[in-house]
Structure formats: C-alpha cells, structure tokens
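Notes for the one structure printed next.
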Amino acid sequence: MKSVRIGKRELGPGLPCYIIAEIGINHNGDLDLAKRLISVAVAAGCDAVKFQKRTVEVVYSAKELSAPRPNPFGTTNGDLKRGLEFDELDYAEIASFCQQVKIDWFASPWDEASVDFMEHFDTPAYKVASASLTDDNLLRRIRRTGKPVIASTGMSTYDEIDHAVRVLGTDDLVLLHTTSTYPAQYGELNLRAIPSMAERYGVPVGYSGHETGIPTSVAAAVLGACCVERHITLDRAMWGSDQAASLEPNGISRLVRDIRLCEQSMGDGIKRVYDEEIPVMQKLRRVGANALAQAGA
Ligand SMILES: C=C(OP(=O)(O)O)C(=O)O
C-alpha cells in the first residue's frame, strides 16, 4: 500500500499516526477563540488543525436559512450559519498563525465555491466530510486541486464508498472510518472496519471519532488507523452543536500522549528477551536462569 504525504508527514501502515484536531465550527465565529484552539492543538502535539468551510447560501436551502433559531448572531438559522463562517482575511490570519506555531492546517469544503475559496491558501490537503461523500461534483472539484484527499465515510454503504473511490481515484487518497452520530455510542463505533476498509481499497485508512472519551480513538490507532481526527474545544459546556462531543485541552493532550505510547509499545512482533530482562530472570527464575545470559543474549 502506498503512503500518502501530507505536509511534512507520510501517512500509511506502520508510520506514526497523523493526529488532526478538528476545530470545525467550535470557534463559534471568533478568531481569537480559533487561535486559542490552534494553540491547544500545538501544545497537545497534534499534527494538524482542521476547519469547515461552507458557502452558506449553497449548502442550506432558503427554507432552512429562514427557520427561526435564536442564537448569538441573530434570530434565524441563517444568522447562525453566516455568523460561524470566517472570511478570507480571517483565514489569512489563521494561515499565518499556523505557520508561526508550526502546525498544518486545512479544511473540509462543503461545496465547490468553498474549494475555490480554500485554493487561495497553501493548505497541504483537503478533507471530504461524510456528508459530502456522495457529492460527485464536489469530489471532482477537490480532486482537480491535485492535493491529497482525506475522505470520511460516515453514514455510507460500501456501494457509496466504492463509487466515491472511483470518482476520486486511489492516488493520494486516505479514507476515514467514522460513525456520524454526536456523540457516537461505543457499540456503534465498529473499529474493525478500519482494517477491513484498508484491505478493500488498498489505501491508508484513518479514523474520525465522535465518541466521548479517549480509549477508543487510541484503539483505532493500534488497529492501524493512519490518522485520527477528534473535535477539540476549550470547554464542552460552551454553546455550539459539536462542543459536547469534543475533547477539552487535557483530553486532546492525553489522546496524543497515549497514541504515541502505544506506537512505541507495538514493536516488531518478533519475540525476544531484552537485555534488561536478564538480571530479572537471574533473580526470579529457579530453572534455566543462566542459559540465555551465558549465550550472550
Ligand atoms: C463533518 C466532517 O467530517 P466527519 O464526517 O469525519 O465528521 C468534516 O470534516 O467537516
């Protein structure tokens, strides 16, 4: 299986997991909050931060936009959706901040105009949200950028994923297994789909986690996920639809630490006696304690 290069990192089997802190819309339209979240991701040791970009009038119908919904930006759903979008100057500031603090950044564009928008920035990849996996025109537009693609497969059947993979092609493609419920229930995470999908498509497969807690995302990495994406927030109690299923600063730090510890622990699978075990063996073993030591093991 060919690895996929994103920024300075290779993603693929046996390589360190690429850890993405999904800021998504958890910045609540506030650039300072976005920068604080980027700093949280850097402090935790994440490889990348990710945003979501939408052209509100394209992604949502007029009916959805005019629906009443009291929110910090106004009284309708449209006020909220527009309030959550950053403009080009905001993203320019995000780009320069990420460069300064040395972290990759990219976005999931939810419509073709948002790909045109993102092309003003030198991001190392595009993400396809699970909701967009069946949008062939968007997939083709993203593919035309020539950048690596990370495509999420929540809510999708194998037929739909097969089709998306045909549209995208397998070059520079990473697929993400995910369950698109917020928060996702443990019994519906189906982590074994990660190796199954890698075998079926022959491309690196990662995991986009929407569960609460940390251990199952670590398990995904141990099962071979080439990247792990989790939402981050400063405080799960903040307003916003994705906050509750997100990791707080302490949680994302522990996730990165635990994935790195598990990576160190996986080894090469060859059973061996470590030098450091010999004195322990000599002390504790009643029979055959010296054979290995004498053989110079
Ligand atoms: C919703 C997104 O991704 P996922 O389907 O992995 O949750 C996204 O990246 O915008």
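These numbers were taken from a predicted model, which means no experiment stands behind them. Start at 1 and go down the list; that is how both ligands and their atoms are numbered.
For Thr55, the side chain to side chain contact (heavy atoms under 4.5 Å, CB included) test picks out Val58, Asp111, Ala113, Ser114, with sequence neighbours left out. With sequence neighbours excluded, no residue forms a salt bridge (charged side-chain N to carboxylate O under 4.0 Å, His left out) with Lys81.
Note on residues 176-190: pairs passing side chain to side chain donor-acceptor pair (under 3.5 Å), not counting sequence neighbours, are Thr178-His210.
Between the side chains of Ser246 and Asn26, at least one donor N or O sits under 3.5 Å from an acceptor N or O.
Under 4.0 Å is where a charged nitrogen must lie from a carboxylate oxygen, and between Arg140 and Glu112 no such pair does.
Sorted by chain and number, the residues within 4.0 Å of ligand 1 by heavy atom are Glu22, Lys50, Gln52, Ser108, Trp110, Lys127, Ala129, Ser130, Ser152, Tyr182, Ser208, His210.
Aromatic rings of Tyr91 and Trp105 (six-membered ring for Trp) have centroids within the 6.0 Å cut-off, being under it.
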